[in-house]
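What follows is a short report on a single structure.
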Amino acid sequence: MSDLPEKMTRRQMLKRCAVAGAGLGLGLVGLGGEAFEDTNAAHAATLRMREAMFYDKLPGNKIQCKICPKQCVVGDGERGFCGNKENRGGTYYTLVYGAAACVGLDPIEKKPLFHFLPGSKALSVGTAGCNFDCKDCQNWQASQARPEQLPESSVYYWPPTTLAQLAVRYGAEVLAYTYTEPVVFYEYMLDGAVVGHKYGLRSVMISNGYINREPMLKVAAHLDAIKIDLKGFEDDFYRKYCVGSVKPVLETIKRVKALGKWLEIVYLVVPTVNDDVKQVTEACRWLVKAVGPDVPLHFSRFFPQYQLTHLPPTPFETLDRCRKIAREAGLHYVYIGNVEPWRGTENTYCPSCGKLVVGRSGYRVTEMHLNSGKCAYCGHKIAGS
Amino acid sequence: MSNDSSRREFLVTLGLAAWGLAGCGRNQQPVAGAQIRTPRAPSPTPDHARVVIARRPDVVAGDGSINVDLLGEMLDAAVTALAQQPKPVAAWQTYFGPDDRVAVKVNTLGGAMSSTHPQLAQLVCAGLQSAGVAESNIIVYDLLNEHLRAAGYEVKLTGPGVRCMGNDAVGYEDEVTVVRQVGTRFCRLVTNCTAIVNMPLLKDHDLAGVSIALKNHFGSISNPNKLHTNHCTPYIADLNCAPVLRSKQRLIICDALRVGYEGGPTFKPQYTVPYGAIIVSNDPVAVDVIGLEIIEQLRAKHGLQSLMALDRAPRYIAMAGDSERRVGCADRDKIELVEV
Ligand code: SF4
């Protein structure tokens, strides 16, 4: 949830979503795509409703959602914590199936995924809702909104087939479920990934990792790469700042690795909140032990947002200190994101000979010195997919 | 057309310019007219509260219909006793005046059988008008148009008379308000009115314990779904600390005509009884204390365990009255209960 590189107002965010959608929407005619701008709200709401997956029916028309560790018990007429699913008469519905509230045609590096199809384009979508309430959320205007709170003009009905067709039309190799939290638009992501493969598209999940085992296993079978936010390493931090807990996230990270899916990690460094040496060191050491030294780790710069507007942006020195800690812990590929491109913090260096093998600037690949995934200078295998 | 200009036109169409809403582009502050004013009546304190209960079992007929004349008499009697005025008009004038724009928060999640009765809301609007509030300056609201309609309200966005709308029609402030552990956006009706009448229902709530006056403002914010964790504690108490609510909420008129003492917040006929009461105060904490007492009595009468025994006690009520928050009076011994 840290894709936006700069502070954006709600207006800018919504405009960005709408502009991105409008730009791509030129190709909608004939593809079955539907911009809600031209439809009435009730029609739009019906199109977006699908029965949710992974929930149990309970007595008294209640349900228990089993998608994520929150395991919300939801009474008739009410919604779960994520706000985009509703219990109607004992049946649980997602209200955001195909409802792309944020869209973009991004370089894959922006997700960020640096070791997965470098230089490729990802048609990226996100819906309203999230199963966390991170006080530092950079995309809170959409992630913390209920679907009906977003302007209709900024929401596009792009069911999986439309999404795949648009990606092909615009030369994207990848579908990315991102911006907000794909765990809470699980049904859309799953179907998108399945349909995407039929069109020769890869699918990537850009997530907080707060998802239960069964749904993760099911969707992972159709995913090609996964980025997970490790937002801190202390449960107290997760409870206070995210309204979640760290253990399920760590379990998901290990699970993804065990499944052999390409994995990258982002750690958004928030001054005075999760930037202490102890927490960062423990996180890095855990990563080396749990998933190995080749997992790329991106330290991302925080900008004052949402409920933490009183904090300053993360000083570069803090991010640099985090990078040193990670390298000392043994991680081979450590990056700093959301900072000025000239600092060169996005480059990949060969862990063996130390030479620059992939140069990047502002999410663009500027130079590449790889032969079949190996360092062009010493032949060392550069981790990636 | 930009989002801002189309929204502005929409609000003008709704006739909300006088509420300061039409001039309110995204990221702009409400106009000066919407600023918080000195309350007409004393604010609630943790040290003392008066709660008036008017109960007439006959007000709800066997078929569930409401005797509106009798309900009107109950409302007059309760407001008069609360304000300690000789006549209803003088009582309403204690709290409201001609320069007010009043947002009336009803509770309509539970559908036709478990929502604030539209008849009671209508009587409250008449009371406001008797104090000189222009009918065009009264808006009845809840979270969604859809909920209001299902509860029997006529959604009325435009035209003369009292209007009625969901927050989905008018939207929320762009700015996030952080109050203690709550971060939220208030609906624009709340931020742009000068006074609030809180009209909750008296009912059980599976997560919160009970849903009465304090919980009712979950329908005044953008993200109620985020605040149900840990039995809504401390979130309900913290939300009610928001200056925009504390300074504008003048009256709480709780609908206890029918009470759901178990299985809430939605309607469960087997756990709902006609109770025939309204509970009136200027103190939301004290209303919750008295309301909880009634729910516990009904639970005991029907052989159910107390909320405390079930680990569903609404701890946020005491919290709202504690020395840090001071939203109102949570000490039963300091609540003067007047029956009329
Ligand atoms: S996905 Fe949403 S409804 Fe389901 S458990 Fe998680 S937060 Fe609750």
Side-chain angles (χ1 to χ4, degrees), chain A residues 9-15 17-18 37 41-42 45 58-62 70 72-87 89-90 129-135 137 140-141 143-154 239-241 243-244 305-310, chain B residues 1-4 6-7 10 25-28 108-111 114-115 143-147 150-151 166-169 171-179 181-185 187 204-208 211 218 221-230 235 262-268 270-271:
Chain A
T9 64
R10 175 180 166 78
R11 183 182 0 202
Q12 286 168 325
M13 168 76 178
L14 295 174
K15 222 176 239 174
C17 295
E37 205 161 9
L58 303 178
N61 273 358
K62 288 185 187 175
K70 287 227 174 320
C72 299
V73 174
V74 185
D76 188 7
E78 298 216 309
R79 296 192 191 176
F81 183 89
C82 49
N84 68 10
K85 294 194 235 302
E86 191 168 293
N87 178 350
C130 184
N131 54 353
F132 276 178
D133 187 7
C134 300
K135 308 296 174 239
C137 183
W140 65 270
Q141 292 93 339
S143 71
Q144 300 308 315
R146 292 155 72 101
E148 69 276 8
Q149 291 168 1
L150 296 176
E152 288 295 325
S153 57
S154 71
R239 222 175 311 115
K240 206 164 153 202
Y241 284 90
V243 197
Q305 275 284 355
Y306 193 38
Q307 297 184 39
L308 296 185
T309 48
H310 57 289
Chain B
M1 188 183 290
S2 75
N3 273 346
D4 279 356
S6 59
R7 181 168 196 87
F10 171 64
R26 293 188 184 283
N27 297 321
Q28 284 179 269
T108 57
L109 178 70
S114 181
S115 292
L143 198 62
L144 297 172
N145 280 342
E146 182 189 327
H147 290 170
N167 295 333
D168 50 338
Y172 299 86
E173 291 300 328
D174 291 335
E175 302 307 322
V176 175
T177 301
V178 179
V179 204
Q181 289 195 43
V182 169
T184 193
R185 292 184 295 133
C187 68
D204 172 82
H205 192 286
D206 56 352
L207 298 175
S211 171
F218 271 19
I221 56 171
S222 61
N223 58 348
N225 46 296
K226 298 288 180 189
L227 306 177
H228 281 85
T229 309
N230 193 34
Y235 307 111
E262 167 72 0
T266 45
F267 177 58
K268 297 287 184 307
Q270 68 274 37
Y271 299 124

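The figures here come from the full heavy-atom set of this structure, side chains too, leaving out hydrogens, waters and symmetry mates. Order of the sequence lines sets the chain letters (A, B, ...), proteins ahead of strands, with each chain counted from 1.
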Can you check whether B:Ser222's main-chain N or O pairs, donor with acceptor, with A:Gln149's side chain at less than 3.5 Å?
yes
Minimal heavy-atom distance between A:Gly60 and B:Lys268, with the atoms involved, is O-CE, 3.8 Å
Working to the nearest 0.5 Å, report the span between CG of A:Asp76 and CG of B:Leu109.
9.0 Å
Check: B:Thr229 and A:Val243 side chains under 4.5 Å, non-hydrogen atoms
yes
Okay, A:Cys72 and chain B: the region with an atom under 4.5 Å from a heavy atom over there is neither
Pairwise distance CG(B:Asn225) to CD(A:Glu86) - rounded to 0.5 angstrom
10.5 Å
Nearest heavy-atom contact between A:Val73 and B:Leu207 is O-CD1, 4.4 Å
Chain B contact via A:Lys62 - side chain, backbone, both or neither, heavy atoms under 4.5 Å
side chain
Is there a side-chain contact (heavy atoms from CB on, under 4.5 Å) between B:Val178 and A:Gln307? Walk through the geometry before answering.
CA-CA 7 Å; B:Val178 179; A:Gln307 297 184 39; 3.9 Å; yes
Quick check on the interface: out of A:Arg146, A:Lys135, A:Lys70, who has the most heavy-atom pairs with chain B under 4.5 Å?
A:Arg146
For a quick test of reading the model, state the closest non-hydrogen atom pair linking A:Glu78 to B:Pro265 and the distance between them.
OE2-CG, 3.3 Å
Can you give me the closest heavy-atom contact between B:Lys226 and A:Cys130, atom names plus distance?
NZ-O, 2.5 Å
